[in-house]
Every structure is written in structure tokens, then in C-alpha cells.
**Q** 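Structure provided below as C-alpha cells; questions to follow.
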Amino acid sequence: MIDEARAEIQAAEDARALQDVRVRWLGKKGRITLELKGLATLDPDARREAGREINVVKQQVEALVEARKEELARLELARALAAERVDVTLPAAQGSSGGVHLLTKVTNRLLDVFASLGYEVVTGPELETDHYNFEALNFPPEHPARDEQDTFWTEDGRLLRTHTSPMQVRYMETHEPPFKVVVPGKVFRNEAVDATHEAQFHQLEALVVGERITMADLRGAIQEMADALFGEGTRTRLQPSFFPFVEPGAEFAIWWTHPKTGREEWLELGGCGMVHPNVFKAAGYENVTGFAFGFGIERLAMVPYGVPDIRWFYQSDLRVLRQFRGAL
Amino acid sequence: MNVPLSLLRQFVDPLPEPAELADLLAGLGLAVEAVHDQPGIPAGVIAAEIVEAEPIEGSDHLTRTVVDDGKTRRTVVCGAPNARVGVRTALALPGTHLPAIGMTVESRSVMGVESDGMLCSAKELGVYDDARGIVEYGLDVVPGARLDEAWPADVILELELTPNRADAFSLLGVARDVAAKLGQPLHDPSEAAPRGDEQGDDGLTVSLADEEGCPRLVLQRIDDVHVAPSPLWLQRHLALLGLRPRNNVVDVTNYVTFALGQPSHAYDARVLHEGHLHVRRAHADEAVELLDGETYALHERDLVIATDDASGASKAIGLAGVMGGLHDSVRDDTTTVALEVAYFNPVTVRVTAKRHGLHTDAHVRFERGVDPELQPRAAAYAASLIADVAGGTVHPATTHAGSGLTRPSIRFRPSRVAFLMAFDVPLDAQQRYLEALGCTVQLNGDDDWTVTPPTWRFDLTIEEDLVEEVARLHGYEHIGSTRPDMTFTPPRSDPTHRALRDELAAAGLHETIHYVFTGDAELARARAPEARVRLANPQGIERACLRTALYPGLLNAAVTNRGAPALALFEVGRVFLEPERERLAILQSGAVERSGWRPDVPMDVWRLKGLLSELAERRNVAFAFEPATAEEAPMLHPGVAARVVWDGKPIGFAGRLHPEVAAAYELGEVYLAEIDLPLAARRLTVQDVARQPYAERDVAIVAPRDVTYETLAHLARGAAGDRLDTLFAFDVYQGPPLAEEERSVALRLRWRDAERALRDEEVDEDLANVIRAVETAGYRIRQ
């Protein structure tokens, strides 16, 4: 009997056929059920004996049905999986993967450095007045220092800021020391445009004012920036220079390995110094000292990342922009 | 400025090796742009004198010369216009290599004439840039002399001077810093020149009508000069300084300009009417013809040098401190020179030079400030040099008008060096540094000095200036590295809109940056607002004004990338609308999703809305698109134009670019948004999540097409009762069997009670209210 049942169960090709087999053997009118019912006519001892045998068969059939059921499910799944197979090497369906501009990335990286040093980030207007861009920064009218900054003037006598330094004055007008701020932003110079000169570019300015800020604090800030950008222990250099709004003034440079040439050299970054007393006077500050430094962002984006032409930054060619997507 | 080492050595000696000297100068704040080797005259070049010169027949410019080379006479063919008898010049013997022109001279036949060598121009010799003719030397150069020995190679440091260091625009000034740093003495050759007698009569007179413009002027007479080419040493000095030798008198004045930083001008005394020279402001309608051959119409604030004409009327002959006149300078036949050495007001000179677009060696020095005490000494030095090189006699008398300027003293606390620089410099060293720079130091008491800067240091006016002087001589390498000792907690803010940029980048957009400059035509083409701010000195008409919107930049970016199948760009920047404001602009076109082998998902206005809506959701503010009028957004398709309402306030526009504008840029279907920054945000308050099931009912409303979804939604929301949880459109249909003007908007409404499950009757009642409201409003329900 069990062999007969096994053959029928194995022959069931799907869940429905298996169910039919099950009913045929184990249902209310199934063969095994009927066999069990038929036992009623036997004497108790024979009945016990026969009942045990039939129950063994019943359990075997049930187990066979279960096993076949699982097998069928497995087969079914395998069929479905095979049917749903796709070619994963076909091209992706995707939107564009965007990215922030390389200049923004470099700026962000610098802002991260200064944020970790406890600086506040502020921004200011690009259309400025002579007062904020020059006078309050100790550039007297008709001073040759103004020639260093080829200025775009507006018809009504205002100007496009030539540096981010006007924000020094604006910030000091509305805040009390001590403070540490950085100012990123666009600046403008009326210069002939070529691969390394743009009429519009970006600067980052730092200003720290307190009761007793020193030139060593300035050097320290530049050193920490250099360490963060180029690795711990990067050499920095300050050399005397002149900017009307600082005294003493300096230029600063960072010793680095040029990524293209592999040569170690000084990367001249920008100007710095102790805030000139006339600037404090214009802001109404007394008995404080401070330092300021500023530098161009483009240079820090071009040289390390091999951008050959500054004009690329503003041409918005997707083929270039796409390359800016990844991490720095 | 060029600083040739051999010339600098005349002021301070010995000097370190060139590379070390360059570092030393840079460490002093005199930035060295470049160090280069300046070759001398090549070996094989000797001096020769032309003794015969005849044009070669059949040539329009060649001359057959016979030259005396000190031993013999040889024939040389020469193409220079100044190949004439009597000229002493440079002869490159056959076999001589001239590296400047990459040529080896050989004997050869030119138009049938044997040419045995080559007469050379300065350019061919490689000593300075002048190829107009062969070099002309003075009588000091003897035929046969080896010129390579007389004109050796040198090393030149090119300095880029900052505008404060007026004093360093001279060999003397640079040498002074070097000497101070090295602790060596400074040799000033002008100190030895004998001064003229100011009481004596030299037949010259000066009047200064404008003491502000010209506080001091010295006029020195030199008689019996013989104008000729300068001696070789002086020609070499000028060449090394980057100047062209002209004649012995002019060369001396140019050399003194660079040696001492004092420009001067040599007049032929004959042009000074009755020996009188005066300085005054120009008259209206006055003009002057200057050395460059141009005639300049003068302004009443221009300072001029003048003399009287034959009629006794004052006539300008030069632009003070900028350029001399064409007719007043020394000529070949000049015998008496009147040398003008003046101090002119820096601002006066600067304004005049700027006004006339002139840039001269004299003006850059005057506008920064010449030492106002230098004139008598410089005049004596220049006169003695002229007498040396031009054979003249310096008149014992000198004419001196006006007086010098003194510099106010500065109270100086030596302790301020340590205070500002955070390194110590011993008191005696501080005093030594200041004195070496020319300051007078008076020690009043403990930490109380009175320092009087020298007259040539216009830049030293306050205590901090002196701190810098001490610090730079001591060396900035002593500056340590510390952290400011202060307590400051920066406020949290994101003024650079970094989070926004990152969100847009993550949403697949590329950030772009464009010019703030634009042109009227561009703004008109893009239908952006008219320019409010115009530049007075733009870089062309296309950059003549400041942008009033960001999206024209993005449209141009789209033009740049016209071939791209999809574009998703944004820019965060400032527009100049008075007041200037910050904006975000977005441009999207083409497919938002692409594989190539499946249908593209095209960009449309709802995706644009979705992008902005997500920004709003992250900022917990209400967000809506309202239909925008053509006046509000003329650059948009009138049927696909929205006003962006953010937290209840209109902040900009969004929609599809107007097909006419798109056509003007030759673009297809483009979607744009431009909104004001910063984007308002609200603080998040966490709400309990819904724990009860919702009950849902649908209702399709048929209304005229111009009734917006938002109107219908508002209507339904208002009637659906307090328990309405959400409402949204799940189908929008127009077409048969609806009338032409009609549209069906199917809304799905979900109600929920926070505490319990709702009964069907309750929800049905709310739905009935919605249907009633819809019908009351004149619309119908689609069954």
C-alpha cells in the first residue's frame, strides 16, 4: 500500500495534483481513512494490531505528501527565479549624479578647518562702496596701493569689491570683540582674462580680534590651516609685505610638493598681518589687537587638482563639471 | 625694478651670493620676482671706428664701411642706418658666436663686397633691446679694445616692490636695507659730490607758484658740455637697469633716477627765457607737446614746468614729475644744461599721470614719494656725473627754491615689538636697526623712545610701522606659532547655503558658477529684469552691467551643453536688484532618468515642483505653486508658470521656459526655477504617529478646467471635517464624455481619529458634506 501511495505522490506534478492524492489517501473518504473505519469489525486485539500498522502507513503517507509539497514549492520557486532572471550588465536607468562645484568643495574644506578652530562664517555684499573697500581699510584716496587692485567701478560711484576685506569693517561695526570669523566670497578685478587671471574669483578672509592677539597667533592659524590641508608639520613662511589694512604686514606661503612637477617649493598663498590701527579706529575699537589674512580659492583648486585654466570654473561645461563630482 | 648686482655692490660691499641675497631681500619685504643671469658682450667683439662709409650700389640700405679695429683696417658691410664715418661701435670678428641671435659671424661676400666681420646692434650683442642701429660708443672706447672685458656678464634681481616702499625704488634704497640687515656700512656716492653755492649767481631763476604741488626745486647749471654717446660704463649701467642709452646728459639723469630714486630733467638752457623757469598749475585751454611726440590738452589741476616765450607770456614746457617737453631737452648741439631736480607732490603727479594715461619712471617715483631732502645732493651728484661724462663744467652757484619737508617723530615703546610679534628683540638691536634705516632714535626713559623717521620713509608714521621695521630686520622667521587666547563660541549658521547645495547635488544637480557681469542684450533676450547697476569701466558691452537674475547664466550653460541629453544645473549667487540679494536658480531639461534601452523619463513641471517640495519638507515649511501671471514671470511659458510660495510667502518663480525665449537660445523644452535665499525653515516638533486605521472615500469632481486643483482641494478640505487626515488627487481626466471645457479631478480623502476607529456612518456623513460643498460651489460629482 505504501508503495502505491509513494508512486502516486511522486507522480503529482503540482500542488493541486498533490492535494488530490492527499484527499484520495487521507481525506474523509480516503483509502487509509476507510481502512481505519474498517477495523471496527475486528476483535480488540487484532484491531489494535492492525490499527497500529495502518497508522504507521498513514504517518508515512503524510510525511511523503509533506516532502513532496516542499519539493514542489522548491521547484516552483526555481522556475520563477529562472523566469525572472535579467541581464544585470545592461545599462543602468539613472538620473544625473550631481555635484557641488570644485570651488565650493575647496571652500567647504577650508570652512571645515576654520569651523573646527572655532571661527564663525559670515558673508557680505559683492557690490560695495569706496568706504568699505578702501577708505575704512586705510587706503587713502589717490594712494598708489589702490592701483594694485584694478577696480570695477559702477556708474554711480560704487564698486565691485576687490577683496573680501570689506567684511572686516562690516563685521566689526556690528560685533564686539573677541571673535574669530572667516569670510568666503566672490571678488572682482578689472584685469585681462587669461588662463591664470579672471575678472571674477573667490577669496577667503580670516579676522581675529581680541585683547592680546599677536603675530604668532596669526602664524599659528596659518600653520593649523596648512596642517589640515597638507598634513601635520607642513612648513609655513611669513615674509614682510605691505597691505594698507595691516601693520605689520606679511605674505604667507606653504611648503608643499607640486602635484604636477613633484618638486618641493613654496606655494605663495596670500597676504596677512596685524590689523592696522586705522582700521580699528574706523570701526570704533580701542585697546584691542587682531590679525587678518586672506587668499584666493582658485589657486588652491587649480594647482592640487590639475585644472589648467581658471576660465574652466565659469564655463559650465558638463564634461568638466562631472569631474568635480567625487570627493576631494 | 632691476637690481644688477655689480651696481648694488657700489653701495654695499661685499654682497652675499645671488640666491642668498634674493632670500635676504625677500625676507626684508623686497620681493624678488626673478633672478637672472645677464650675459655680457660676447668674446670676439672688439671696438672699432668707422673710417669710411659708402652706400653699396644696388642696395637701398647696405653700406660698405671700412673700420679701424685698432690694428688694421677691414671692410665690413653694414645694414644699419647709423653706419657713418666717425661712429665708434662694436665689431664682431669672424668666428665670433653671438648667442642672442644664435649666429656665428663669418667673412663673406655681400653683393660683391667682402665683409670681414659684423658691426652689431645692442640686440645682436644681447645686452639690451635695441635693433634700430649699431651701437654708438664715446671716445672712451678705443678701437681694438676687447668689449667682452669692458662689458662683463652680471646677475640681475628683479624686484616687485610694494607701493609703500617709495624709498626702495632705487639702488640706494635697496642697498640701505641690505646694509642694515647685514650690519655693513652704506656707501652713498652722492654724498661726495660738491654742493653749489646757493648765494651765487648762475643766471638762472626759479619761481614756485604752487608750493603744494612743488615745494622744492633745484636748478643747476653746467656749461661747456659736449653731447655725445655715454662712456661704456654708463651705457652698461643703463642697459643693466633695463634702459636704453641715449646721450651722455640724458643717460646721467636716467641713471640718477634709478641710483638715488630722484628723477631729474636736463634742459638746454637756451629754452629757458632769460634763464627763468617756473612751476604752476596749467591754464585752461593750455596744451603741451611732450617727449613722446604727443600733444596733451592740460587740465587746470595739472602741474607744469613753464618758461616765458618771446612775448613774455608763460608757456608750459613739461608736465611736472611725469614727462618733459619735446622741445626743451638737450640736443646734440646743446652746450649749457640747466638741470632741474625737484620734489613734486605725490597726489598731484599721480592724478595728472592717470588723467593723461602716462606711466613713466619719473612718475612712479614721484607718486610714491621722493625723498624731499634729496634734491640738493642729487643735483650735485648728477651735475658732477654730467661734467665727468660730457666734459662740462659745473657752475659753482646753484639755484634753490623752496624747502624740504621733515617727518614728524613717533613715540615708540620697544616693548611693543614683543607685544605684537611675540618674540623679543634686545633693546640695543632695536636701536641699531632703526638707526641703520636712517631713523633718529632718542631714548627718553624706560620703554619710551622718540623715533624720527628719515625723510625718505613716507611709510613710517605710527608705532606699528616701527615695530614692523624692527621685526623685518630681525627676521620674520622668529615669529612663533600659537593659538589665540580667547573665549568665543561661534553662532551656528549656514551663510554659504552649504546644506542646500549638498541637497541639490544629491538630487542629481550640478552646481555652476557664472559671471555677475552681463549685458543689456543678454538680459533682454532672457526676459530678465533690466539692469539696475552699470559698470563705468566694463570689459566690453556684454559685461557692462550686473546680473538681475541667475537663470540667464544657466541658459547660457544649457547652450554650452546643447548636445547633452539631460541637464540638471543650479547656481547659488547674488543678483543686483537694489538691494543685492542671494538667490538659487535651477535649470533642468531632457530626461530625468535614462537608460538608453528603456523609455526615458522626461523632465516636466511636476518633477521641478517635486524637487522644490522636497526642499520645503526638509525645512518643515508649507510649500505651494500658484499660477503666475505673464507680468510676474515673462520668461516662462504662460501656461506652465508658477509663483513659488514658501512658508506662505512668494519667493520666486518656477515653470517651463517660454518657447520664444527657448527659441532665442536655440534650446528645447527647459524647466527653470529661481527663488530667494535664505530659504525659511521651521524648527521640527516631533508629532505622535497615527495608531488608528484610516477610513477612505473617493470623490470625482467635474469642474471647468480653469478651476485649479488647489481650489477644489481647498473646497473639499474645508468641508471634510476635523478628522480629515489627508487628501490628494489620484486621477485627473479630461475628454469624452465630459464637455470640452470640463475636467474631472478625482480626490481620495482619508479620515482618521487619534483615539478610535471611525464608523462608516461618520465617514459617510463627512463625505456627504464634501459633496454638498462641491455642488453648492457649482460643480458636480462624477458618478
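Per chain, numbering begins at 1; letters A, B, ... match sequence-line order. Hydrogens, waters and symmetry mates are skipped; everything else that's a heavy atom, side chains included, is used.
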**Q** Check the orientation of A/Phe293 and A/Phe114. Use parallel for under 30°, tilted for 30 to 60°, and perpendicular for over 60°.
**A** tilted

**Q** Using a cut-off of under 4.5 Å for heavy-atom pairs, which of A/Pro244, A/Ser241, A/Ala199, A/Gly210 has the most such pairs with chain B?
**A** A/Ala199

**Q** Within residues 270-278 of chain A, which residues come under 4.5 Å of chain B, heavy atom to heavy atom?
**A** A/Met274, A/His276, A/Pro277

**Q** To the nearest 0.5 Å, what is the distance between CE (A/Met215) and CG (B/Leu420)?
**A** 9.0 Å

**Q** For salt bridge (Lys or Arg N to Asp or Glu O under 4.0 Å), just list the numbers for B/Asp177 and B/Arg165, CA-CA rounded to whole Å, side-chain angles, deciding distance to a tenth of an Å, and then say yes or no.
**A** CA-CA 11 Å; B/Asp177 264 24; B/Arg165 290 299 304 276; 3.0 Å; yes

**Q** Using side-chain heavy atoms (C-beta onward) and a distance below 4.5 Å, is A/Leu321 in contact with B/Asn561?
**A** no

**Q** Of the listed residues (B/Thr489, B/Leu509, B/Thr560), which shares the most heavy-atom pairs with chain A below a 4.5 Å separation?
**A** B/Leu509

**Q** Using non-hydrogen atoms and a 4.5 Å limit, figure out which bit of B/Glu580 sits close to chain A: side chain, backbone, both or neither.
**A** side chain

**Q** If I measure from the heavy atoms of chain B, does A/Pro184 come under 4.5 Å with its side chain, its backbone, both, or neither?
**A** side chain

**Q** With a 4.5 Å cut-off on heavy-atom pairs, point out which of B/Val572, B/Val467, B/Leu546 contacts chain A the most.
**A** B/Leu546

**Q** Heavy-atom distance under 4.5 Å to chain A: side chain of B/Phe576, backbone, both or neither?
**A** side chain

**Q** Under 4.0 Å between a Lys/Arg side-chain N and an Asp/Glu carboxylate O for A/Arg237 and A/Glu268?
**A** yes

**Q** Looking at every heavy atom in both A/Phe139 and A/Arg146, which two are closest together, and how far apart are they?
**A** O-NH2, 3.2 Å

**Q** Quick check on the interface: out of B/Arg598, B/Met486, B/Glu571, B/Arg472, who has the most heavy-atom pairs with chain A under 4.5 Å?
**A** B/Met486

**Q** Short question: side chain of B/Arg547, backbone of B/Arg574 - any donor-acceptor pair under 3.5 Å?
**A** yes

**Q** Side chain, backbone, both or neither: which part of A/Val182 has a non-hydrogen atom closer than 4.5 Å to chain B?
**A** neither

**Q** Any ion pair linking B/Arg457 and B/Glu469 (charged N to carboxylate O, less than 4.0 Å)?
**A** yes

**Q** Could you tell me which portion of B/Phe419 (side chain, backbone, both or neither) has an atom closer than 4.5 angstrom to a non-hydrogen atom of chain A?
**A** both

**Q** Over 60° means perpendicular and under 30° means parallel, so tell me whether A/Phe245 and A/Phe243 are parallel, tilted or perpendicular.
**A** tilted

**Q** Look up atom CG in B/Leu30 and atom CG in B/Leu24, then write down how far apart they are to the nearest 0.5 Å.
**A** 9.0 Å

**Q** Less than 4.5 Å to any heavy atom of chain A: does that hold for the side chain of B/Arg492, its backbone, both, or neither?
**A** neither

**Q** Mind checking the CD-CG spacing from B/Gln539 to A/Asn190? Nearest 0.5 Å is all I need.
**A** 4.5 Å

**Q** Please state whether the side chain, the backbone, both or neither of B/Ala566 comes within less than 4.5 Å of a heavy atom of chain A.
**A** backbone

**Q** Are the charged groups of A/Arg158 and B/Glu578 less than 4.0 angstrom apart, N to O?
**A** yes

**Q** Given a strict heavy-atom distance threshold of 4.5 Å, which part of B/Leu554 is in contact with chain A: side chain, backbone, both, or neither?
**A** neither

**Q** Would you check, one step at a time, whether the test salt bridge (Lys or Arg N to Asp or Glu O under 4.0 Å) holds for B/Asp494 with B/Arg501?
**A** CA-CA 11 Å; B/Asp494 182 14; B/Arg501 293 182 212 239; over 6 Å; no

**Q** In terms of heavy-atom pairs under 4.5 Å, which option from A/Ile213, A/Asp317, A/Leu111, A/Asn108 contacts chain B the most?
**A** A/Asn108

**Q** Report which part of B/Val516 has an atom under 4.5 Å of a heavy atom belonging to chain A: side chain, backbone, both, or neither.
**A** both

**Q** Side-chain donor-acceptor pair under 3.5 Å between A/Arg219 and A/Thr236, yes or no?
**A** yes

**Q** Please look at A/Thr107 and chain B and tell me whether the side chain, the backbone, both or neither of the residue comes under 4.5 angstrom of a heavy atom of that chain.
**A** neither

**Q** Could you walk me through whether A/Glu128 and A/Arg161 pass the salt bridge (Lys or Arg N to Asp or Glu O under 4.0 Å) check?
**A** CA-CA 6 Å; A/Glu128 269 292 4; A/Arg161 65 178 178 189; 5.9 Å; no

**Q** Taking every heavy-atom pair that is under 4.5 Å apart, which of B/Leu567, B/Ile462, B/Asp459, B/Asp485 has the most such pairs with chain A?
**A** B/Ile462

**Q** Given a strict heavy-atom distance threshold of 4.5 Å, which part of A/Val122 is in contact with chain B: side chain, backbone, both, or neither?
**A** backbone

**Q** Which bit of B/Ala591 comes within less than 4.5 Å of chain A, counting heavy atoms only: side chain, backbone, both or neither?
**A** neither

**Q** Between chain B and each of A/Tyr119, A/Tyr314, A/Phe291, count heavy-atom pairs under 4.5 Å; write down the option with the most.
**A** A/Tyr314

**Q** Can you tell which part of A/Leu159 gets under 4.5 Å to a heavy atom of chain B, answering side chain, backbone, both or neither?
**A** neither

**Q** For B/His514, is there any backbone N or O sitting under 3.5 Å from a side-chain donor or acceptor partner on A/Gln200?
**A** yes

**Q** Most heavy-atom pairs under 4.5 angstrom with chain A, which of B/Ile479, B/Val533, B/Thr162, B/Thr512?
**A** B/Ile479

**Q** Using non-hydrogen atoms and a 4.5 Å limit, figure out which bit of B/Arg483 sits close to chain A: side chain, backbone, both or neither.
**A** both

**Q** Please determine, among A/Ala145, A/Ala115, A/Gly98, A/Pro240, the option with the most heavy-atom pairs under 4.5 Å with chain B.
**A** A/Pro240

**Q** Kindly write out the residues that satisfy salt bridge (charged side-chain N to carboxylate O under 4.0 Å, His left out) with B/Arg607, not counting sequence neighbours, or none if the list is empty.
**A** none

**Q** So that I know where these two stand, are A/Tyr171 and A/His175 an aromatic pair - ring centroids less than 6.0 Å apart?
**A** yes

**Q** Non-hydrogen atoms of chain B under 4.5 Å away: do they reach the side chain of A/Gln315, the backbone, both or neither?
**A** backbone

**Q** Tell me which of these, B/Phe570, B/Phe517, B/Phe423, has more heavy-atom pairs under 4.5 Å with chain A than the rest.
**A** B/Phe517

**Q** Got a salt bridge between B/Arg532 and A/Asp156, using NZ or NE/NH1/NH2 to carboxylate O under 4.0 Å?
**A** no

**Q** Based on non-hydrogen pairs under 4.5 Å, which of A/Thr214, A/Leu318, A/Thr289 is most in contact with chain B?
**A** A/Leu318

**Q** So do the side chains of B/Pro678 and B/Glu582 get within less than 4.5 Å of each other, counting heavy atoms only?
**A** no

**Q** With chain B as the partner, which of A/Leu117, A/Thr104, A/Leu103, A/Leu218 has the greatest number of non-hydrogen pairs under 4.5 Å?
**A** A/Thr104

**Q** Measuring heavy-atom distances to chain B, does A/Phe179 have an atom under 4.5 Å in its side chain, in its backbone, in both, or in neither?
**A** both

